[in-house]
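Both backbone and side-chain heavy atoms feed into the values below; hydrogens, waters and symmetry mates do not. The model shown is predicted, which means the values in this text are computed figures rather than measured ones.
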Amino acid sequence: MTLRFFNTLSRSKESFVPREEGKVGLYTCGPTIYNFAHIGNFRAYVFEDLLKRYLQFRGYAVHHIMNLTDVEDKLIRTCREKNESLKTVTARYAQAFFEDIATLGIVPADRYPAATDHIDEMIELIKVLRDKGHTYESNGSIYFRLSTFPGYGKLSHMDMDQLQQGGSGRVDSDEYEAENARDFALWKAWDEDDGEVFWETELGKGRPGWHIECSAMSMKYLGKSFDVHCGGVDNVFPHHENEIAQSECATGEMFSKYWLHCAHLVVEGKKMSKSLGNFYTLRDLTEKGIEPLAIRWVLLATHYRQPNNFAFDAVEAAKQSLYRIRDFRMRLQDVRGAGDDLGERCAECEAAFVEAMDDDLNISGGLAAVFDFIRDINRRVDEGTVSEAGAQCAIALLDRLDQVTGVFSPPQADEVPAEIMEQALERQRARRNKDFATADAIRKRLEADGWIIEDTSEGPRVKRA
RNA sequence: GGCGGCAUAGCCAAAUGGUAAGGCAGCAGCCUGCAAAGCUGUGUAUUCCCGGUUCAAGUCCGGGUGCCGCCUCCA
């Protein structure tokens with residue numbers, strides 16, 4: 001079985017063959033840092049994290065670039081409203097973004113280039129396009145002339161003649177002075193609403209269009225042609241389509257070989273919106289006391305091309321699943337003695353996991369393989385047929401697969417406080433004396449403080465509630 | 001108007017045309033001083049509806065219904 005991904009370009013699953021053996025250039029569209037990111041955004045970033053981790057697990061050296069969009073219409077509007085500079089706003093939300101991805105256990109990209117640090121590269125790219133006759137100027141802005149790129153539409157599979165102009169109801173005609181409404185801006189001439197946000201360049205005073213940053217930065221760090229480009233489905237058109245147009249017209253080479261897009265997230269079955277009161281940033285959820293890894297689980301556990309329903313019941317289920325795995329690990333750590341070394345069973349589980357994941361990241365199948373394994377090993381531990389080496393083998397397997405999922409990790413190594421431990425031992429003494437009233441009282445008291453005691457043959461086990 | 005996606009148990013969610021995974025919740029039992037954890041058993045699932053192809057359809061085809069996405073700057 002080979003690794004296969006659904007490529008938006010062909011609308012079919014294709015065997016994954018990177019351009020250079022063993023190496024993958026990965027570009028993922030990052031956030032516009034004008035606000036806190038919401039969980040829909042993180043659905044995409046968690047999907048991309050899973051993709052990257054799995055590629056690494058399969059032995060590829062992944063070079064991952066994620067851009068930060070730090071100049072854009074909404075951002076400029078935010079600056080005006082808050083009367084703050086562009087840098088002040090973007091610095092704040094960039095930091096929040098990095099905190100959030102750490103919270104969710106997302107492995108950082110190799111580099112997070114910001115658009116405003118790459119104005120020169122964008123200018124150069126626009127000049128190449130201009131020299132090749134793909135642009136025109138109108139009132140100081142520079143537009144890409146779509147009619148010069150016959151391949152336009154190959155990603156989104158849309159027939160330009162069939163599209164209803166303004167079908168989305170989002171076109172503000174005042175903003176557009178293009179010859180054809182679908183021509184997009186490479187460079188936008190300054191106007192007074194832009195305030196202090198502008199660059200004096202040989203293309204004039206203004207700022208870059210949105211799409212050009214991804215072309216300029218991906219090509220700078222990954223080359224004219226690279227392997228995988230990701231984003232949410234809403235980016236397919238026009239953003240990624242425009243990136244292809246700009247990039248391929250400039251270089252004459254294929255831009256990205258594979259395009260992977262994740263579906264949207266809905267909350268409790270409904271589109272997330274502020275008016276429905278179901279709009280959540282990551283911070284909104286953690287402030288409610290929801291465990292970050294349970295959020296990661298929910299975002300991860302649905303196949304990336306399926307709409308993901310973020311339901312609070314599902315969050316609770318995810319938390320229970322996390323605990324089941326943690327308890328399993330704790331149990332394994334207490335296994336002593338001789339028995340089965342589980343080498344074969346562990347290999348079987350890993351093979352089932354890989355087989356599922358190779359098929360376009362079928363995470364549900366992968367998780368099922370792990371739960372099958374857990375139930376099987378728990379049974380064997382009950383029977384006392386697992387050796388200490390076998391238990392360690394199982395733990396090592398979880399650690400290895402945790403490199404992919406990020407949700408199989410051991411509990412936070414929060415040391416049980418000495419006084420809590422002392423009470424647990426006191427309860428144990430009471431139990432030995434058959435003083436169950438005292439024992440139960442201590443257990444109840446500790447539970448109220450957030451500690452759970454489980455009696456095992458090895459003595460009491462104390463864990464966080 | 002154009003293009004596309006989705007519909008599987010109370011909830012989440014898989015399934016090359018071949019007995020409908022897995023998790024959570026629930027119920028019963030084992031274990032336990034009692035619990036917890038674990039194990040076992042437990043859901044007769046009209047796979048949205050109606051047709052069709054096939055020895056065989058959740059899966060393929062046609063037609064409905066419902067929800068959703070994109071169609072100029074939303075992951």
Which of the following nucleotides, [options], is nearest to the side chain of [X]?
X	options	result
S321(A)	G33(B), C39(B), G23(B)	G23(B)
E454(A)	G23(B), A37(B), C68(B)	A37(B)
D327(A)	C73(B), A37(B), A13(B)	A37(B)
W210(A)	A75(B), C73(B), A36(B)	C73(B)
T32(A)	A14(B), C71(B), A75(B)	A75(B)
F436(A)	A14(B), C70(B), G33(B)	G33(B)
V233(A)	G33(B), G69(B), C3(B)	G69(B)
D455(A)	A35(B), A13(B), A75(B)	A35(B)

Any strand: nucleotide that pairs with [N] via Watson-Crick or wobble, under 3.5 Å:
N	answer
C27(B)	G41(B)
G69(B)	C3(B)
U53(B)	none

Phosphate contact ([N] OP1 or OP2) by [X] side-chain N/O below 4.0 Å:
X	N	answer
T302(A)	A13(B)	yes
Q320(A)	G23(B)	no
N362(A)	A15(B)	yes
N41(A)	A75(B)	yes
N235(A)	A75(B)	no
K319(A)	C24(B)	no
R324(A)	G38(B)	yes

Considering only the [atom1] atoms, how many Å lie between [N] and [M], rounded to the nearest integer?
N	M	atom1	result
G51(B)	G10(B)	P	24 Å
A15(B)	A21(B)	P	13 Å
C50(B)	A57(B)	P	15 Å
G38(B)	A20(B)	P	29 Å
C27(B)	G43(B)	P	16 Å
C39(B)	A45(B)	P	24 Å
G63(B)	G4(B)	P	13 Å
G1(B)	G64(B)	P	13 Å

For atom CD of Q95(A), is the number of surrounding heavy atoms from other residues, nucleotides or ligands below 6.0 Å larger than 12?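 12 or below, so no.
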
Is the CZ atom of R111(A) crowded by more than 12 outside heavy atoms at less than 6.0 Å?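 No, not enclosed.
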
Contact class for [X] vs. all strands (heavy atom < 4.0 Å): base, sugar-phosphate, or nothing?
X	result
N242(A)	nothing
K434(A)	nothing
R427(A)	base
Q306(A)	sugar-phosphate

Tell me if the side-chain of [X] makes a donor-acceptor pair with the base of [N], cut-off 3.5 Å, by modelled atom types.
X	N	value
K188(A)	C73(B)	yes
R443(A)	C34(B)	yes
D440(A)	G33(B)	yes

Under 3.5 Å, is there a donor-acceptor pair between the [X] and [Y] side chains?
X	Y	value
Q246(A)	S215(A)	yes
D100(A)	Y45(A)	no
E291(A)	Y323(A)	yes
Y93(A)	D70(A)	no

Geometric cation-pi criterion R43(A) and F310(A), 6.0 Å radius, 45° cone: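 So R43(A) doesn't make the cation-pi contact.
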
Between G231(A) and D372(A), who's closer to the 5' end of RNA chain B by nearest nucleotide?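 With G231(A) and D372(A) compared, the 5'-side residue is D372(A).
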
